[in-house]
Amino acid sequence: MVSLRAGGVYTKAQLQKELETLATCGMFEKVDLEAKTNPDGTIGLTVSFTESTWEEADHFRCINVGLMQQSKAVDVEDNMTEKEKVDYMRSQERDYRRRMDRARPCMLPRSVHSEIVQILGQGNVSARMLQNIRDRVQKWYHDEGYACAQVVNFGNLNTNEVVCEVVEGDITRVVIQFQDKLGNVCEGNTQIGVVRRELPKQLQKGNVFNIEAGKQALRNINSLSLFSNIEVNPRPDEKNEGGIIVEIKLKELEQKSAEVSTEWSIVPGRGGRPTLASIQPGGTVSFEHRNIKGLNRSLLGSVTTSNFLNPQDDLAFKLEYVHPYLDGVSNSRNRTLRTSVFNSRKLSPVFTGGPGVDEVPPIWVDRAGVKTNITENFTRQSKFTYGIVMEEIITRDESSHISSNGQRVLPSGGISADGPPTTLSGTGIDRMVFAQANITRDNTKFVNGAIVGERNVFQLDQGLGIGSKFPIFNRHQLTMTRFIQLKEVEEGAGKPPPPVLVLHGHYGGCVGDLPSYDAFTLGGPYSVRGYNMGEIGAARNILELAAEIRIPVRSTHVYAFVEHGNDLGSSKDVKGNPTEVYRRMGQGSSYGVGAKLGLVRAEYAIDHNSGTGALFFRFGERF
Amino acid sequence: MMSIKDWVLSQLVSNSLASARPLSGSDSFFEGEHPANNFNVHGSAQTTNSPPPEAASDISHPTVPNQETSHPSPIRQVTFENPRQPRHTNKEKKLDRLANIEMLQIKFLRLLFRLGLPQDDLMVAKVLYRVHLATLIRAGESDLKRVNLRSDKAKEIAIQQETSGVPDLDFSFSILVLGKTGVGKSSTINSILNQAKAKTDAFQPATNCVQKIEGNVNGIKISFIDTPGLLPPSPNTIGRNRKILYKIKKHIRRSPPDMVLYFERLDVINTNYSDFPLLKLITEVFGTGIWFNTMLVMTHSCSPLPEGPNGYPATYESYGFQCTDLIQRYIHQAISDSKLENPILFVENHPQCRTNINGDKILPDGQIWKSQFLLSCLCTKILGDVNKVLDFQDRIELGASNTTRLPSLPHLLSSFLHHHISDPNATENEIDYISLSDLEEEEEEYDQLPPIRILTKSQFKKLSNSQKSDYLDELDYRETLYLKKQLKEELRARKEKKISENGNFDRDGNVDSPPEPVLLPDMAIPPSFDSDNPLHRYRCLVTSDQWLARPVLDPHGWDHDVGFDGINLESATKVSNNLYASVTGQISKDKQDLNVQSECCTTFLDPRGPTYSAALDVQSSGKDLFYTLHGNTKMRVLERNIAECGVSLLSFGNNYYAGAKLEDSFLVGKRVKIVVNGGQMRGREQTAYGGSLQTVIRGRDYPVRNDKVSLTMTVLSMNKDTVISGNIESDFRVGRGTNMSINANMNNRSMGQLTIKTSSSEHLEIALIAAASVLRVLFRRAGYDGSTKAHPEGDDG
């Protein structure tokens, strides 16, 4: 407690001050400061003190005195009569009892309570003992994240019961503030409600400030991706003693942005003079308008083409509108409307070969259309999504001509286009409208970095009879995954994760019209590992089963897995039987081992159909 | 080099020229069926005129044999034939070889006598001619005379030796048989050896393991390696077939066969030939080299022929040709090389096969197949041995490997000149760092500004237009100064940190407890029309891992898949006080394909000044890998001048390229930076030179506002061919919140590119350009099929 240090030079006033602080801190009855001049000109200081002690106590009580007036010790006037003194003492005691009664109970758990009673049992209550108690109490609070909790006073000394007065740090106000680029406070564009609904309950007014809740708020607000800088700071409330004001400072991101990038090629023209290959430029245009109306609605779009004025097949576009808080910002129901218009060009896994057949001409599936859906978030991971999709599917061959049938390489080396039909209409162009739903129940969580819990997903596509050939179909998929923790482990940072057994099943079925591009394919990194996409087959009904055991090694894990995929004999129900035509088996198993490094998986998988193994690198989890 | 390869291939390659040549005294059947043994007119013309000079140089560079079916070592034969002739000099070696060839030739002729085969057979003539040709190439000019003289004598010697029986003819060859089960591999062996040495069964597989069957035909020792039949290819049997093939491979590793017979039934081949996966598998297991010494054997050649397209039974010749052509084509596909031609043999093992008066089984066209069989084997063996003796064997490469494109030297040089080893340390651009430290000396302008009152939105609305723009300009000006101030503070902090680090780097033991893992926000994935929502696959905790992994998106991946195909990894560590290491790479590995692009780099900061760095880049190109090794030294010569020199060594396949460069960058004033560099690159006996001069003029507010103009002039020269190119690049601010970047380049071949980039946070209208293209597409579609699709009118907002 003594702030004087050997070797320092102090003035008399400083020494006086030091003595005063020591004497008034309440821990000592008497403090003396004795100075002795040494022969070499230095001074030796001796601080002698008598510790304050009080009567022995065997009870302990902790009260929350936050937001209450601090008790003021009125000095006992010397000129009081004995009776007055007794009266005064009594009234003070009464006051204190009333104060204790009014105080709210505090959160200190029984275990810490009994620990402190044990400390009390050591003998007379001394200043040092009180300090111990204070440290213990504050330690518990700080360990639990109540960073603003403080022991402010010990009362009721000299009685049977020691009362510990704690200010826990009650939140009196949550202030949300916006800053401009220069750090000045300014008016924000974002509506306060948007930020407020991201605050965890523990950070609302009336709760005790907890640093964990503050961090949670920081993360939640950050996930809105509306702000470039977020600060969550507790600040003592001047007007309300013991209260905490939570200040949230936000720097908003630029709301709008647009980028145009154009490109011209220069080629030798007439007479070798450099000229533009085409006056019409190609390039990319993209724009964003975020946080429309301050409600986090956003509109994004991009167009890429090699010729803006006369775009050909290489036109890629995307336009997305997101409208969160469909039921109002203040409503706790969290529904988001999402509409997007986009196109994509991808390879069809239906038209690939089985083992040993690698010369299947690819079929490109061009999809373009509108997708509108509403997502209701129950928790962060569990969701219900339903919506409508309108899409146009064009299937093309390698040279991007529209093709209505898959191709085969003939023994003569030629290519015949008499493979399975690629579309429902038989023309290579399909249009359809269908309803879509996805319900996910996901209560997985991370235990020291390992996923534990279960996830069930049910997906449904329902054809409405609108489109080419009036397609009516029902496509349903059920995915169930269990992550079973095999050993109880202590949770905490740096602790090893538990071994986990993963069981996974996926059933997909389809009733009604089924164009080949929507058939379920077997094989691939998320179906049956160790195979290429679609290497096992394409079918109407599929069943995939997988088991994986994960053994922790240091902070990550290694795993071994077995997987099986089966078409349940339904490959023949797909038009043209692409499974058979491209010599695939329709079923297959694989097994292998792997290691996880962050989100990267490195695995060696052996496919059971051909008996060969290969090393794969993948990003993300399999399940 | 190429001419030799051509020639060697011609051993097995037929070209149209050759088959069109009128052949007297030969029947048409052989022309069709043994195109492998046709003359290569082109090759002969070239080689007889003048033996290519490369031949000599080739001998001095013996290459490592890369063929799997290697022949018994010729050395043994050499010592046997010429025990007294020591071989010292190169010339003697050559002579020795010639002697060897001579012996082989004589042996060949003797065997022909013994087998009772006509010496004037076309095939025999061809073999002899080929041997002669090969010898000519190898012989060199000094020996030409001898070669020419010798060939005529061979026949005489052969007849003489055969009649006298001295010396003993020691000739043997081993044959590996391969084929599907039930095609008659064992039966053929039995027919050739004339005794039932191998068990056969007409209805089920009789051979269960790899076995060696030895026999003697007219004094020639033939050893067959009989193998279990392969199963008809289907996805189910691929595993078992692979096992069989590996067993065979293990067996022949001990005693490589001289030739391989691939069996097929002539009567069951149809146009939907489905054995391609089998051929592929064989190639995969044994390597493409196996097909080099392979003869196709068609069994059941006497079976009734199927009906042709016109309803009549097809003619024997055309049918046979059709079938063998089919198989040949599949073999070409399997090894992805269409130059190979395998000899074809027709066989009939049926006991009731037609025979001629001597009791020899004959084919429908009257050929005695057994003698043809032996002759072909003999020819193959002899040619194989000749090749072996003359070292031709190793130079033959099958497959598509020779189609890989070599990198162009100027391109390598230009990328080398621009390449800077990415420095894991933060002080990468030291020259920039110097200019930054200039900043520090400037006064703190921001703090001297008068305070400003920030207006509320409603207040701002009340302002007149000019006031509004004044207000915004003022804010903008302040922002610039504010950013400058922040930058300065950062610099100062960094400097202080450096000083404090230097002061007490031995107090490093202060290990922080691992930070609490935090769940990352969900990753953005490209939109799809599926009901699937695979976000959970990419959920992860933030760890203090040094590795930073990111997915690489392939927008044209698989349908119904997110398309995260590759992985991007990054890691940087501080090994010790002045040594930094970093690894960055991108990898995608599929079942077959591997794509790597990575850079490992270490940097050593010498406290006395220079910075040394070394980097190894690995990049895959097709099936090959590029390796590039860079070394670099950077040194601050003067206050505002940094010199750099670098070397690079690139290896691709068997080609090596080496390069060196010098670079110097200096500051003129505060805003002009000049970089000069020059270098050369050498490889494949060619050299390219190049250099560039770059001038960068920076804006007043650099580095807060990234305004700059950069002019670059590059000269690249190779083979007296010079390309000069210029590049102008400019970044500037058009107004508040709008940036433009113009980049134009042009070379003296009138080729170039012009790029304009505009980005704005104020004027969203520029995105309307996109509306034009979208509308255009919509109109075209409307005209095209009359139905307008539901599509938002303006794709722009």
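Source: prediction; values computed, not measured.
Checking each of A:Asn438, A:Thr440, A:Thr385 against B:Asn533 for a side chain to side chain contact (heavy atoms under 4.5 Å, CB included) leaves exactly one that passes, namely A:Asn438.
Ring geometry for A:Trp364 against B:His556 counts as perpendicular: the plane angle is over 60°, on a 0 to 90° scale with 30° as the lower cut. Between A:Phe342 and B:Phe529, the two ring planes are parallel [angle under 30°; tilted spans 30° to 60°].
Using a 4.5 Å cut-off between heavy atoms, A:Leu599 touches chain B through its side chain atoms alone. Looking at B:Ser588, neither its backbone nor its side chain comes within 4.5 Å of chain A, counting heavy atoms on both sides. For B:Pro555, the part sitting under 4.5 Å from any heavy atom of chain A is the backbone (N, CA, C, O) and nothing else. Heavy atoms of A:Ala437 lying under 4.5 Å from chain B belong exclusively to its backbone. Proximity to chain A involves both the backbone and the side chain of B:Arg478, based on heavy atoms less than 4.5 angstrom apart. Both the backbone and the side chain of B:Asp561 come within contact range of chain A, each with at least one heavy atom under 4.5 Å from a heavy atom of that chain. Neither the backbone nor the side chain of A:Asn373 comes within less than 4.5 Å of any heavy atom in chain B. Neither the backbone nor the side chain of B:Asn743 comes within contact range of chain A; no heavy atom of the residue lies under 4.5 Å from a heavy atom of that chain. Only the side chain of A:Asp461 has a heavy atom closer than 4.5 Å to any heavy atom of chain B. Residue B:Leu594 does not touch chain A at all, counting heavy-atom pairs closer than 4.5 Å. For B:Val562, the part sitting under 4.5 Å from any heavy atom of chain A is the backbone (N, CA, C, O) and nothing else. With a threshold of 4.5 angstrom between heavy atoms, B:Arg539 approaches chain A through its backbone and through its side chain. A:Arg618 touches chain B through backbone and side chain together, each having a heavy atom under 4.5 Å away. Heavy atoms of B:Ile756 lying under 4.5 Å from chain A belong to its backbone as well as its side chain.
Interface remark: of the candidates A:Leu347, A:Val457, A:Asp607, A:Leu347 forms the most heavy-atom pairs closer than 4.5 Å to chain B.
By the neighbour-count criterion of 12 heavy atoms within 6.0 Å, atom CE of B:Met751 is sparsely surrounded, having that number or fewer from other residues, nucleotides or ligands.
Rounding to the nearest 0.5 angstrom, the gap separating the NE2 atom in B:His560 from the CG atom in A:Asp518 is 4.5 Å.
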